[in-house]
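Since the structure is predicted, the reported quantities are computational estimates derived from the model, not experimental observations. Each chain gets a letter, A, B and so on, in the order the sequences are listed, and its residues count up from 1.
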2 protein chains.
Amino acid sequence: MKLGKIGYVILGALHADPGSGYDVKALVDRSTRYFWAASYGQIYPELRKLEEAGLIAGEDAATGGRARTVYRLTAAGEEELRGYLLSPDASCELRDEGLLKLFFADALDDVAATLEKVRAVRANHAEQLRQLEGIAATVKKATPTRQLVLEYGLGVHRWALAWCDDVERRLTGAEATDEGTL
Amino acid sequence: MKLGKIGYVILGALHADPGSGYDVKALVDRSTRYFWAASYGQIYPELRKLEEAGLIAGEDAATGGRARTVYRLTAAGEEELRGYLLSPDASCELRDEGLLKLFFADALDDVAATLEKVRAVRANHAEQLRQLEGIAATVKKATPTRQLVLEYGLGVHRWALAWCDDVERRLTGAEATDEGTL
DNA sequence: CCTTCCATGTAACCGGTTACATGATTGC
DNA sequence: GCAATCATGTAACCGGTTACATGGAAGG
């Protein structure tokens, strides 16, 4: 009975705000998905595992005919979360198709196409930044560490945007003076 | 017979440098893994699919008793790669356990622990930057678009490092004047 | 009434990793 | 002789997504 990484996302979410699987999913979609996603197909089965392991306890909170189970951490769950948060290992993976296309863009042998790929990368960052700015505008009372992560996200995407703009300037400059050669 | 994303990584790799599955894997580990990873368990089966689809052609290049098949793109393969590279969609996903831990670090209720998590995030970026700088030092004759992606990587990690340092300064400052409160 | 949100789940599928198995060649 | 590298593959497993199924509550 070992729990996956998603178990810790749930533990972390429920620690601050006890709630339903639906609530956990809502938090994930609003916040953690930018660096750690999760679907219902993972959340509900994992909730059951966590309860079986005694790390969370569900309490029936049905309103009329609508089912609802509110979960909160047990003492063992709190300890498990602490242990996880204190453990030093922290994997980091990126899957960026925009960068992949840019990386191989020389196969197109066309500066304009390269420029287009840079713009595609830029568009991705712009969209993500837009979303994060929306969150920043509405969520004022998040905990300091959550604000920190939000701030990081805003910063990264702003940096990336600036980088793309810089590359675009360089590429269009080269295009004008040195036709067709990258 | 639809090919997965990994098929395009292979197509991109073989376009510039025809070679074996081993060669493709080497390129992936050296370069694309920073934004798109791939294992032998994907590469070899996908090579077969690509060949069956007529997108690549393998040529026997065994040296003595050591097997080796050199693949290169067919005309159809070139076209497939072009089509992919020109298509506008570009997914982007991040899985950063360091950010996850930082996000939930308030559960530890301890500024020192938060600081430690920031340092963990920093360490990840420092390590990746170190690796990329190694690549930058050795690989001088990469194509312009590959250099661009490398430059992007160097830039992102340097920005992240600076951000972590800034947060550390802020946090240690707060710690000194405002004991224990984040 | 109808749409949107709240709420809970599952089964099939798929992309990807890990671990294993095998063996030749090169260079120290 | 031995280690590192070159080279090819597969089977089991697992983490995760997608699509589906179901239905109550709230608000316009």
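- Extent of DNA chain D lying under 4.0 Å from chain B heavy atoms, first and last nucleotide in 5' to 3' order, is D:dT5 to D:dG16.
- Axis angle, first five pairs versus last five pairs of the helix from C:dC1-D:dG28 to C:dC28-D:dG1: 40°, rounded to 10°.
- In this structure, B:Y40 atom OH and C:dA21 atom C1' are separated by 14 Å, rounded to whole Å.
- Centroid-to-centroid, the aromatic rings of B:Y84 and A:F104 stay 6.0 Å apart or farther.
- In this structure, B:T172 contributes its side chain and B:R169 its backbone to a donor-acceptor pair below 3.5 Å.
- Atom CG in A:L73 sits 11.5 Å away from atom CD in A:E79 (nearest 0.5 Å).
- Distance alone, capped at 3.5 Å, is enough to place a donor-acceptor pair between the B:N124 side chain and the A:A90 backbone.
- Residue A:S20 is classed as a sugar-phosphate contact, given heavy-atom separations below 4.0 Å to backbone atoms only.
- Taking the six-membered ring where the residue is Trp, A:H157 and A:H125 present tilted rings, their angle falling between 30° and 60°.
- If you find the closest nucleotide of DNA chain C to B:G4 and to A:R48, the one lying nearer the 5' end belongs to A:R48.
- One can place CZ of B:R66 at 10 Å from P of C:dG27, the figure rounded to the nearest angstrom.
- Using a 4.0 Å cut-off, no side-chain N or O of A:Y22 falls inside it from OP1 or OP2 of C:dT8.
- Each of A:Q42 and A:G65 was assigned the nucleotide of DNA chain D with the nearest heavy atom; the assignment lying further toward the 5' end belongs to A:Q42.
- Side-chain N or O atoms of B:K5 include none that pairs as donor or acceptor with a backbone N or O of A:E97 at under 3.5 Å.
- Side chain to side chain, B:R30 and B:Q131 fail the donor-acceptor criterion of an N or O pair below 3.5 Å.
- Here the P atom of nucleotide C:dC5 and the NZ atom of A:K25 are 15 Å apart, to the nearest Å.
- Protein atom CZ of A:R68 is 13 Å distant from nucleotide atom C1' of C:dC5, rounded to whole Å.
- In this model, no donor atom of one side chain and acceptor atom of the other lie less than 3.5 Å apart for B:S20 and B:K25.
- Under the ring pair (Phe, Tyr, Trp, His ring centres under 6.0 Å) criterion, B:Y22 pairs with no residue at all, not counting sequence neighbours.
- A straight line from OH of B:Y44 to C1' of C:dA21 spans 14 Å, rounded to a whole angstrom.
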